[in-house]
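Every value quoted in this text rests on a predicted model; they were computed, and no experiment measured them. Just so it is clear: chains get the letters A, B, ... in the order the sequence lines come, proteins before strands, and each one is counted from 1.
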Amino acid sequence: MPREALHLDNDAVAHVLDEIADLLELKGENVFRAVTYRAAARSIRDLREPLAELIEQKRLKEIPKVGPSVGEAIEQLVATGRSIRHEELQAAVPTGLLTLLGVPGVGPATARAIYDHLRITTIDELEQAAKDGRLRQLPKIQTKTEENILKSIAALRQRTGRALLNEARAAANTMLAWLRQETGLELLAIAGSLRRFRETIGDVDIVAGSDDAPPIMAAFVRAPTVERILANGDTKSSVLVARGMQIDLRVVPPRSWGAALLYFTGSKEHNVRLRGIALKRKLLLNEYGLYRVGAEARGQELACASEEEIYAALEMDWIPPELREDRGEVDAASRHALPALVAVGDIRGDLHTHTNWTDGRDPLETMALRAKAKGYGYLAVTDHSPGLGMTNGLSLERVQARLAEAAALNAKLAPFRILVGTEVDIRANGKLDYPDDVLARFDIVTASVHSSFSQPRDQMTARIVGAIRHPLVTALSHPTGRLLERREPYDVDLAAVIAAAAETGTRIEINGGPERLDLPDTWIPRAIANGATLVASSDAHAIEELEWMELAVATARRGWATPGAIANTRDLDAMLASRKKA
DNA sequence: GCCGTTTTCGGCCCGACTGTTTTCAGTCG
């Protein structure tokens, strides 16, 4: 069934508002107008209610940065799929300019100049003009700029999108190890979206604290993984490593370490809030420290050595990086009302893992020994059901053998406990992939969708809610089915899924697989508020992937989850007893 | 275009690097 074209959903509206912002910049209007449209787009992406609902209840003005003009555009977009302001701008600005804006290094002014002089509107034309040496005939463009534009286009074509968390972490850790080896530096840390555990990573940010920056910069740009140097300054450099991933390094004096870490961790929106608060107190906050306005030139900082010191000087509690998204954490920290977030150390066991009996790589005993070594009290092994042909799902005979294998290992490893579970497929027709008498033999049953992803919303929702209501199902795995940077989520009414989970006591998984991170962090507060219980799982297919639990916990933290919201922070008996189902 | 414990008008975070410049605009994060 084709999507109803007339009713733009929140993401689609946000997309148009972003485009309006781009067009305003290209048109050369007051930049703050563009800033406002972008800020409004972001607020809308953070909303957990449909815009149509807010319009109906006349609550649009409650959205930050939405006033009369933006509100009118939103109403038009939701009602008709179009906005007069947007269409006027499209008529006034050649649409090709938006394409040029997508090339890194080309901003509104350059895009405008290129179009005005050469009438270029596509990347291909831009590339050809650069190769022909026509760009350098424009004012303020010489060969260097031309070369950079060509390099940017090449990188753009090579680039596959944002990096997954584990890929970005690997690239960052390799660079950190290199810098430590070459410089012996102690003050060295990952900042940016990677430190905040955002689900995908654009650039990797690294901060170093030292009074002697040049040797550090030199080591950075000659690192073996570097493929291209984008910028190489006294205190700031940028490089590209494999697959077009960018790494930025900033060196600050050690006394500014805390201010720099805070600044480069972001998010940008969080920083803007902090600076606004600082300004109201006649203070200036930058990457070097917190100063009384006017005193920064004299180097008389109030605070800057640690993040804690800076937050304290602004009369706030220290805010965990995962919360720094300007989603209420600044106010909560000012009221000293931040939640005590769940931490990796709170996790007592993993409830979703696979072995080499289906699509995993390691045997059960190896997985169990690693889980035990990690300090867990229990490990649920949840190999697939047979319906998923490609994963060699367990037949009834093999389920029997698995139970025997686990019993023998449990005798050996006690008090550590292996729970024999299954990741049972929810078939296209909503039926589970094992009969009830087989499901009843498992300690844990987690249900998931692995096929027929394109079912209509109503059908998909009924299919999943049906599984949640099944009395033998203890959890729902990766509720949206998305694969980051690879596959969109299936169309499902998550609010209905959460409501059914809360009602029945079936748990909702936060899957730590770096491609999934599903339930997404933005839905976690809603699940908690509605009384659903969550579990954090690694979905490990090998022993080293048990470490993906950290990503599941980070996602939970980004969703403001406390230990109480996560079932597997409890020891085995309490975890099993907290299940509402028999 | 939005917003208000300085303000209903006049601000809106702040600084580094690059390239093309004799002092700065453009871009980025």
[X] side chain near [N] phosphate (N/O to OP1/OP2, under 4.0 Å):
X	N	result
A/Ser238	B/dC17	no
A/Arg33	B/dC12	no
A/Thr145	B/dT18	no
A/Tyr291	B/dC13	no
A/Asn286	B/dG15	yes

If you measure from the [atom1] atom in [N] to the same atom in [M], how many Å do you get, rounded?
N	M	atom1	answer
B/dC14	B/dT6	P	16 Å
B/dC9	B/dG15	P	30 Å
B/dT21	B/dT27	P	15 Å
B/dC13	B/dT18	P	26 Å

In whole angstroms, how far is the [atom2] atom of [N] from the [atom1] atom of [X]?
X	N	atom1	atom2	value
A/Arg38	B/dC12	CZ	P	19 Å
A/Lys280	B/dT6	NZ	C1'	11 Å
A/Leu314	B/dT5	CG	P	17 Å
A/Leu24	B/dG1	CG	P	7 Å
A/Leu279	B/dG10	CG	P	19 Å
A/Lys61	B/dC3	NZ	C1'	14 Å
A/Lys65	B/dG11	NZ	P	17 Å
A/Leu284	B/dC13	CG	C1'	9 Å

Residues [X], [Y]: salt bridge by 4.0 Å N-O rule:
X	Y	answer
A/Glu325	A/Arg196	yes
A/Arg198	A/Glu322	no
A/Glu307	A/Arg324	yes

Discussion item. Show, in sequence, the C-alpha distance, side-chain angles and deciding distance for A/Asp132 and A/Gln128, and conclude whether the side-chain hydrogen bond (donor to acceptor under 3.5 Å, both in side chains) test is met.
Written reply: CA-CA 6 Å; A/Asp132 296 346; A/Gln128 198 54 54; 3.2 Å; yes
Discussion item. Taking the minimum atom-to-atom distance to the side chain of A/Gln142, which one of B/dA16, B/dC2, B/dT20 wins?
Written reply: B/dT20
Practice prompt. Establish, yes or no, whether the cationic atom of A/Arg222 lies under 6.0 Å from the six-membered ring centre of A/Phe220 and within 45° of the ring axis.
Written response: no
Item to complete: Tell me which of A/Glu287 and A/Thr143 sits closer to the 5' end of DNA chain B, going by the nucleotide each one is nearest to.
Response: A/Glu287
Worksheet, complete the sentence: Residue pair A/Gly233/A/Gly276 against DNA chain B: nearer the 5' end by closest nucleotide is A/Gly276
Practice prompt. Check the geometry between A/Phe32 and B/dC2 and answer yes if their rings are stacked (centres below 5.5 Å, planes below 30°), otherwise no.
Written response: no
Discussion item. So, under a plain 3.5 Å distance rule, would you say the side chain of A/Ser69 forms a donor-acceptor pair with the base of B/dG1?
Written reply: no
Worksheet item: Is a donor-acceptor contact shorter than 3.5 angstrom present between the side chain of A/Asn148 and the base of B/dG19?
Response: no
Discussion item. Quick check for you: to the nearest 0.5 Å, what is the distance between A/Leu126 atom CG and A/Lys131 atom NZ?
Written reply: 11.0 Å
